Structures are given as structure tokens and as C-alpha cells.
Amino acid sequence: MDLRKTKPLHLVTPVWNRGTRGIRGLSRAVAPEGSQKKGRSLLQFLADRFYDVQALREYLLRKQVLKVHQKNRPFTYIKERFGPHAAGAYFILKQGGAVKFQGKEWIRSDARGHFSLDFLKFQAVPVEAVDASGCAINYQGLDSLLALKELQSLWLQRCPHVDDWCLGRLHPLANSLQELSLAGCPRISERGLASLHHLQNLRRLDISDLPAVSNPGLTRILVEEMLPSCQVLGADWAQGLPSGPEEQSRDTASPIPA
């Protein structure tokens with residue numbers, strides 16, 4: 001074999017913390033000239049060409065974790081300058097949620113994520129309701145909400161990073177919180193719901209569509225026993241419970257031969 005006629009093989013060992021500048025730097029390092037085709041995404045190209053797919057996945061995961069961490073950072077300057085209510089409102093609005101100060105209209109960001117800063121004038125007005133539905137709020141980000149001592153309503157439905165540990169942190173809101181929605185949160189299980197026993201002032205709790213809860217019907221019964229003054233929504237009492245003797249005998253009966 002004539003080695004002069006073969007194309008040289010370039011092996012590149014990526015250094016994730018230094019030496020490359022993100023995905024673009026990697027694509028320039030490993031991509032042979034002219035290999036990128038029109039209409040193909042960079043991710044697809046790397047999946048086809050990159051020699052260490054596992055390392056690429058780990059890199060992308062670290063990027064995602066870092067992004068969530070940055071979204072949940074506290075706004076210390078705003079808290080020191082305008083107070084905890086303004087800082088909590090700013091945090092939620094930056095996440096894409098909505099807030100309501102007592103006696104005021106709901107404040108929401110627009111389609112581009114922009115919102116008015118007029119609420120910074122409400123330093124002495126407490127936040128009474130927070131809609132964080134679908135936001136990337138996590139355990140760390142709850143710090144911005146726990147300072148809202150007069151918060152009455154909190155919607156955390158479909159929040160992908162809200163888990164059992166997060167529910168265990170809600171006890172500072174026990175004196176004020178009356179309504180809580182956890183619908184559609186994929187990381188909440190029976191263990192997290194059990195930690196809500198300190199929220200004795202709750203009047204409405206939505207636990208619908210929680211895939212990590214193995215027995216919704218029994219869980220609802222236990223939560224109602226734990227919070228007797230609270231209306232629990234989202235799970236039928238019989239959902240997930242074993243069928244009665246008549247239904248069991250009917251289900252297990254042998255078919256009658258023709």
C-alpha cells in the first residue's frame with residue numbers, strides 16, 4: 001500500500017474545560033474540509049463524525065446544567081436595593097413566569113421575554129401570587145420565593161426541575177400559602193407530597209398528572225388525611241387501587257366454552 005496516496009487520519013483529543021470554544025471549536029477541529037452539507041444540523045454532523053459521542057453527550061449535559069444554574073441565580077443587588085418582593089418578582093419574570101402584587105394587576109413578560117420594571121416601585125407591596133408554570137426553577141431558585149412571606153398562591157405546574165427536595169423547602173411559607181399547584185411535575189413522588197404536612201393553611205392542592213406517583217388514588221387519600229382543610233385535586237380515589245372482590249372474580253373467571 002502506498003501511504004503517500006492515502007489521506008492522513010487526524011485524531012483530536014478534546015479538552016472540555018479549555019482549549020476549545022464550545023461546539024463550534026470542536027466542529028472546526030474534527031470536521032474534514034467540505035464535509036458539512038447544506039441542511040444538516042451541527043449536532044447531526046457531530047453525531048455522525050465525532051469519534052467520542054459519549055464525551056459529546058457529557059459536554060452537552062454539563063452545558064444544560066450550567067444554563068439551569070445560571071437561570072436560578074439570586075439577584076442580590078435588586079434585593080438589597082428594592083427589597084425581597086421586588087427581587088422575587090424580578091426572578092420569576094426573568095424565568096418567563098408571572099407575579100401579582102397585592103391590589104395590583106398581574107405582571108407578565110411578553111413573547112420576547114421583556115417586561116416593565118415599574119414594579120420596582122412597589123417596595124412596600126407584598127407579592128400575593130406567583131405563576132411559575134413551565135419555568136426552569138429548581139432547589140436553588142426557591143431562595144427567591146421563600147422570602148415572600150405573604151405569598152398566598154403558587155403555581156409550579158409542569159416545572160421540570162421541581163422535585164421532592166424542593167417541596168421540603170416550602171415550610172417558610174406555611175403561614176401564608178393557601179393554594180399550590182404541582183400538576184405535571186415529573187420529579188414529584190409520594191415522598192415529596194408527604195413533606196407538605198407543615199402547610200396546614202393550604203386550601204387547594206393540585207396533584208394531577210404526576211408520573212412519579214405510583215398510586216394516585218391512595219396518595220390522594222393520605223394527603224387529605226394529612227391536610228384535612230385542603231381540597232385535593234387531580235387524582236380519583238379509586239385510581240390505582242385494586243379492584244373489589246366481584247371485579248376480581250369477574251376478571252379472573254374462565255371463559256365459558258362455546
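Keep in mind it's a predicted model, so treat the numbers as computed, not measured.
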Indicate yes or no for a side-chain donor-acceptor contact from [X] to the backbone of [Y] under 3.5 Å, with no hydrogens or angles considered.
X: Asn201; Y: Asn175; result: yes
X: Asp206; Y: Leu182; result: no
X: Arg187; Y: Pro160; result: yes
X: Glu190; Y: Ser214; result: yes
X: Gln200; Y: Ala174; result: no
X: His171; Y: His198; result: no
X: Gln123; Y: Ala86; result: no

Self-check item: All side chain to side chain donor-acceptor pair (under 3.5 Å) counterparts of Ser181, not counting sequence neighbours
Solution: Gln157
Exercise. Take the angle between the ring planes of Phe119 and Tyr90 and call it parallel below 30°, perpendicular above 60°, tilted in between.
Key: tilted
Self-check item: Between Ser153 and Glu128, a side-chain donor and acceptor under 3.5 Å
Solution: no
Quiz item: So, is the end of the Arg169 side chain (NZ or CZ) under 6.0 Å from the ring centre of Trp165 and within 45° of the ring's axis?
Solution: no
Exercise. Please say whether more than 12 non-hydrogen atoms of neighbouring residues, nucleotides or ligands are located less than 6.0 Å from NZ in Lys100.
Key: yes
Practice problem: Count the heavy atoms of every other residue, nucleotide or ligand shown that sit under 6.0 Å from CZ of Arg203, and state whether that count exceeds 12. | Solution: yes
Self-check item: Of Leu142, Leu180, Leu146, the residue whose pairing with Leu173 passes side-chain contact (heavy atoms from CB on, under 4.5 Å)
Solution: Leu146
Exercise. Sort out for me which residue in Val130, Asp131, Leu151, Leu148 forms a side-chain contact (heavy atoms from CB on, under 4.5 Å) with Val99.
Key: Val130
Quiz item: For the residue pair Phe82 and Phe122, is the inter-centroid distance of their aromatic rings smaller than 6.0 Å?
Solution: no
Practice problem: Drop me the distance from Asn72's CG to Asp143's CG, to the nearest 0.5 angstrom. | Solution: 9.5 Å
Practice problem: Could you pull out the closest heavy-atom pair between Ser195 and Gly168, with the gap in Å? | Solution: OG-N, 3.5 Å
Quiz item: Is the shortest distance from a Lys or Arg side-chain nitrogen in Asp209 or Arg158 to a carboxylate oxygen in the other one below 4.0 Å?
Solution: no
Quiz prompt | Residues in salt bridge (charged side-chain N to carboxylate O under 4.0 Å, His left out) contact with Arg81, at least two apart in sequence or another chain | solution = none
